[in-house]
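First the proteins, then the strands, lettered A, B, ... as listed; each starts at 1.
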Amino acid sequence: MIIRFWLLDINYDLVGGIPEIRLWGIDDKGKRVVILERNFRPYVYILPINEQFLKKITEEIDKLRNKYKILEIDVAEKKYFGKILKVLKVTLLNPRNVPRFREDLSKIRGIKEVLEADIRFYMRYMIDNDIYPSAWHDVEVEEVSNKNRWDVDHVYIAKKTPIFVSYENPPDLRIFAFDIECYNVLGEPNPLRDPVIIIATLNKNKEIKIFQARDKDDEELIKNFIKDIKEYDPDIIVGYNSNRFDWPYLRERTKHLKIRLDVSRAGGQPTQSVYGHFSIVGRANIDLFDFAEEINEVKVKTLENIADYLGVKKKNERVLIEGAFIYEYWDKLEKRKILVEYSKDDVESTYGLAEKFLPFAIQLSNIVGLPLDQVGSASVGYRVEWHLMRQAYKFNELIPNRIERPYETYKGAIVLKPKPGIHKNVAVLDFSSMYPNIMIQKNISPDTYVPPYEKIDESKVYIAPEVGHRFLKNPPGFYKKILERLLKARKEIRNKMKKLDPSNIEYRILDERQKALKIIANATYGYCGWSNARWYKREIAEATTAWGRKLIKDTINFAKKIGLEIIYGDTDSIFAYYDKEKIEKLIKYVEKDLGFDIKIDKVYKKVFFTEAKKRYCGLLEDGRIDVVGLEAVRGDWTDLAKEVQEKVIEIILTKENPYDAVEYVRHIIKDFKEGKIPLYKLIIWKSLTKHISEYAVETAHVAAAKQLIQMGYKISKGEKIGFVVCKGGGEKLSSKSKPYILIKDQSEIDEEYYINKQIIPAALRILSYFGIREDNFISTERQSSLLDFFQ
DNA sequence: GCCTTGAAGTTACCG
DNA sequence: ACCGGTAACTTCAAGGCG
């Protein structure tokens, strides 16, 4: 019998000493299925110092046959950085023996490297058989009894290897969102002491359930939660920050209470796995925070902020409770209702985020080949790498080992000095996917790289400007093939989309897919320069940026030649006055002479630069305002300062009247002095980028974090600290900062700081170009004198 | 001993 | 836990100053 199924999750276990891979999925009739594959075996490659050693190594390994249950020792022909060579392929019975086997190999003489010994077994299986997570496959199977009583409709044994069918039309997945609240009177909740007080769940049928503890007794609550999961039997479980908080807390708590957190489809508990995520066998456990993290527009990435930004749930339409005070709402019975509402709002927001993020996550998982539950928690570098590893197998290329190397720097892109002032009618030209296209055009790849000591005819290589790195023109390199495939796939999808209605579900899926393709293509250059990368090669990254610099310089020179004035440029963009004919000429030049795609990304009616690079603002033709790099888009300035700057920018770009802007700023300062600005607009948010003890200087946010720690909060690396600047405490900012949650009275705040170090600098950043100085905001002299100043 | 200055440390941005 | 380039702020210590 042949069935069609969509691969949701994959794991393996040993059954009678034999590895059994389990493919968990949904079939085309909507049944939950698991397919057992018992015929796949782990293996490693052994690269000899030279071919003469092959025989000797084989003999030595043969002695280990029984110890490691070695099944086969074969000679295989593989490519390693493009060179064909003979390696040994040693197949074992048990994946768990691989690490020790590898260690023993280090004692054998004649072995240069052991390769691909660190590829996880089920990943190996998918790669070798061209099986993709989050996609449909056909497989010949035979049904067997569900003797372990797993939560599936059918258990099958694979008769043949599944065959990939399509990534389109994902099945109707059962999504389940949850959110827990814990008792926390002493700061951070402690699972050995503090109960879970509320768990809210929401499934695709829009059923919200609220489980509450009986005062401080959470045993039944947790049991009911587990029962709820089992009853609904979700395919996907989503939470917000659940890998860092909810699951570890529940694991600890249930261990303490001696309850089994039995939520998987195979009767097991969530277990911590690769990239710090929690794996739930047979389902995809997804922490939506991983995807929220990539939304740069939202600076403080709390659930309510992200949900608000994405229009999932507006902040003014929900209950907001400061996390630290949850216990109060539990203790005071009359306030409990509010806490219940709060957790309802949270779980609804979480579910809403899942609807926003899952289509992208599914496509990304499919493209890079990582299971859906892992793709979010894997960093960009690993996502790119898994994508490369899959392709490597197809090209018969060996996967290099990850090695520790010293950190090296190299020169990057060019940023032009902007021409300060307001410019009208400016076009922004962008190279499309500049780095990927450079790598394609110049065949930049680890396997085409020609080291300096190698003699070669100059006509056979591309030579990078400035740095002189050489790359073979032929054959096409590893990166070239991969990037071409990615860009081509993206182009095809975008063409397909043009024929579809944007409201169509299919359109949405294709759009998410093309986004994922773009992200992976663009990150591949950065990956090459990542010292942890398997395919790291500084020369590749270095040559790519060198060609990039040449490309933009050539473009600028041509622009100058035809009399097109360039106002600014950064890496792969050029700002020029919008002279239609000349711009078209320039675009043609780039296409014909340089062989790259460049297009008008946008046209500014007005754009304003100061002396600084990477900071500007512009008025678009449709009336929208772009702010780039300036304080208004930075997360470490107060909302107060950001709003001031935004408004100043608006006045400058629309009215072009600095006098109006000064007037406005003076008005804000007045409001502020009268206490009309709410406290939240005075909070400064800064991340702790390292452990608190590692800081060399006492900064304001470190000082604030220390106060929180003293109060019993657990503050970890990566967390955002919100603090305000208070009066007294001395000169240093660090001695005046205080976590905002500790502020009882707004009179504590240091007015002077907010005026002189927030409002005024943010305004002056724009206005000083027009001759405005600090005292224009503060002096009591009449506005008319200012007016005189401009005349 | 106080003030100035600049290097170093730090964060968050751009592309 | 992808890269380098950049701005801007604060802290801290050295240097100026008879």
Side-chain angles (χ1 to χ4, degrees), chain A residues 274-276 290 293-294 296-297 299-300 377-385 387-388 402 404 407-418 428 430-436 519-538 540-542 544-546 548-549 552 568-575 601 610-616 626-637 641-642 684-690 694-703 717-718 720-721 725 730-737 753 756-758 761-762 764-765:
Chain A
V274 278
Y275 316 119
D290 292 331
E293 233 176 348
E294 284 157 36
N296 300 313
E297 289 85 351
K299 311 296 171 178
V300 184
S377 41
S379 73
V380 176
Y382 291 115
R383 290 177 193 171
V384 170
E385 193 154 78
H387 175 250
L388 294 176
R402 197 182 298 292
E404 255 192 82
Y407 174 74
E408 304 175 279
T409 56
Y410 63 91
K411 213 165 144 192
I414 285 185
V415 188
L416 302 185
K417 260 200 187 131
V428 183
D430 262 357
F431 281 91
S432 345
S433 303
M434 189 171 91
Y435 286 157
I519 285 172
I520 295 300
N522 285 342
T524 304
Y525 144 73
Y527 169 86
C528 298
W530 179 39
S531 67
N532 194 34
R534 289 175 189 269
W535 277 279
Y536 169 83
K537 196 139 201 60
R538 191 204 76 237
I540 287 180
E542 201 168 32
T544 305
T545 56
R549 291 192 296 273
I552 198 159
Y568 176 66
D570 184 350
T571 312
D572 61 352
S573 68
I574 278 170
F575 291 53
D601 184 43
T610 65
E611 310 253 298
K613 296 170 175 180
K614 294 190 184 277
R615 318 183 111 214
Y616 57 90
D626 259 355
V627 181
V628 180
L630 293 160
E631 284 74 4
V633 295
R634 287 184 64 99
D636 54 352
W637 283 71
K642 289 158 76 170
I684 299 166
W685 292 92
K686 274 200 165 107
S687 308
L688 282 176
T689 58
K690 44 191 162 189
E694 293 173 290
Y695 280 89
V697 288
E698 177 97 345
T699 61
H701 73 304
V702 169
K717 189 168 144 176
K720 282 232 172 183
I721 309 295
V725 178
E731 286 291 302
K732 279 189 302 186
L733 200 59
S734 54
S735 60
K736 307 204 301 185
S737 69
Y753 171 83
N756 293 327
K757 301 285 178 175
Q758 290 284 335
L764 277 185
R765 191 81 57 221

The answer to which of Lys717(A) and Lys613(A) contacts DNA chain C further toward the 5' end, by nearest nucleotide, is Lys717(A)
*N/O donor-acceptor pair under 3.5 Å between Tyr435(A) side chain and Gly548(A) backbone*: no
- Message: Does dA1(C) have its OP1 or OP2 closer than 4.0 Å to a side-chain nitrogen or oxygen of Arg402(A)?
- Response: no
Of the listed dT10(B), dA12(B), dA8(C), the closest approach to the Ala696(A) side chain comes from dT10(B)
**Asked** Reckon Thr699(A) has a side-chain N or O less than 4.0 Å from the OP1 or OP2 of dT11(B)?
**Response** no
Requested in this report: Answer yes or no: does a side-chain N or O of Ser687(A) lie under 4.0 Å from OP1 or OP2 of dT11(B)?
Outcome: no
Between NZ of Lys614(A) and P of dC13(B) the distance, given in whole Å, is 13 Å
Closest to the side chain of Ala612(A), out of dC14(B), dG5(C), dA7(C), is dA7(C)
Would you say Lys732(A) reaches dC12(C)'s phosphate, i.e. side-chain N/O to OP1/OP2 under 4.0 Å?
yes
Practice prompt. Could you tell me whether Thr545(A) contacts a base, only the sugar-phosphate backbone, or nothing, with contacts defined as non-hydrogen atoms closer than 4.0 Å?
Written response: nothing
note: Glu542(A), atom CD; dG4(C), atom C1'; distance rounded to Å ~ 12 Å
query: How far apart are the C-alpha atoms of Phe575(A) and Leu416(A), what are their side-chain angles, what is the distance that settles it, and do they pass the side chain to side chain contact (heavy atoms under 4.5 Å, CB included) test?
result: CA-CA 10 Å; Phe575(A) 291 53; Leu416(A) 302 185; over 6 Å; no
- What is the nucleic acid contact for Ala523(A), judged by heavy atoms within less than 4.0 Å: base, sugar-phosphate only, or nothing? base
Item to check | Ion pair check, Lys613(A) and Asp570(A), cut-off under 4.0 Å | outcome: no
Whole-Å distance, Lys642(A) NZ to dT11(B) C1', equals 13 Å
Lys736(A) NZ to dT11(C) P, in whole Å, measures 10 Å
Side-chain N,O (Arg765(A)) to OP1/OP2 (dC9(C)) below 4.0 Å: yes
Note: for Val697(A) and Asn532(A) on DNA chain C, the residue whose nearest nucleotide lies more 5' is Asn532(A)
Side-chain contact check for Thr689(A): nearest option of dG15(B), dT11(B), dC13(B) is dT11(B)
message = Taking Glu385(A) first and then Arg402(A), would you say they form a salt bridge - that is, a charged N and a carboxylate O separated by under 4.0 Å?
response = yes
Between NZ of Lys720(A) and P of dA12(B) the distance, given in whole Å, is 5 Å
Check your understanding: At under 4.0 Å between heavy atoms, what does Tyr616(A) touch on the DNA or RNA strands: base, sugar-phosphate, or nothing?
Key -> sugar-phosphate
If you look at every strand shown and take non-hydrogen atoms under 4.0 Å, does Tyr536(A) touch a base, only sugar-phosphate, or nothing? nothing
| Donor-acceptor contact present, side-chain Lys411(A) to main-chain Thr545(A), <3.5 Å | no
Item to complete: For Val628(A), answer base if it contacts any base atom (sugar-phosphate contacts may also be present), sugar-phosphate if it contacts only those atoms, and nothing otherwise; contact means non-hydrogen atoms under 4.0 Å.
Response: sugar-phosphate
note: Tyr695(A), atom OH; dA8(B), atom C1'; distance rounded to Å ~ 15 Å
Q. How is Tyr435(A) classified with respect to the nucleic acid when contacts are heavy atoms under 4.0 Å: base, sugar-phosphate, or nothing?
A. nothing
Asp572(A) CG to dG4(C) P, in whole Å, measures 17 Å
When rounded to whole Å, the CG to P distance for the pair Leu630(A) and dA12(B) reads 17 Å
Next on the checklist: Considering every strand and a 4.0 Å limit on heavy-atom distances, what is the contact class for Lys690(A): base, sugar-phosphate, or nothing?
Outcome noted: sugar-phosphate
Just to be sure I understand the rule, does Arg549(A) reach a base, reach only the sugar-phosphate, or reach nothing, if contact means heavy atoms closer than 4.0 Å? nothing
- For Tyr568(A) and Lys614(A), indicate whether the former's side chain and the latter's backbone hold a donor-acceptor pair under 3.5 Å. yes
* To do: Verify the contact: side-chain N or O of His701(A) to OP1 or OP2 of dT10(B), cut-off strictly under 4.0 Å; return yes or no.
  => no
| said: Looking at dT11(C), I'd like to know if its phosphate oxygens (OP1 or OP2) sit under 4.0 Å from a side-chain N or O belonging to Ser734(A). | reply: yes
**Request:** Remember a base hit wins even if backbone is also touched, and classify Arg615(A) as base, sugar-phosphate or nothing at under 4.0 Å, heavy atoms.
**Result:** sugar-phosphate
Just to be sure I understand the rule, does Gly526(A) reach a base, reach only the sugar-phosphate, or reach nothing, if contact means heavy atoms closer than 4.0 Å? base
Are any side-chain N or O atoms of Thr610(A) and backbone N or O atoms of Ala612(A), one a donor and one an acceptor, separated by less than 3.5 Å?
yes
Under 4.0 Å between any heavy atoms, over every strand shown, what does Tyr410(A) touch: base, sugar-phosphate, or nothing? Just pick one. sugar-phosphate
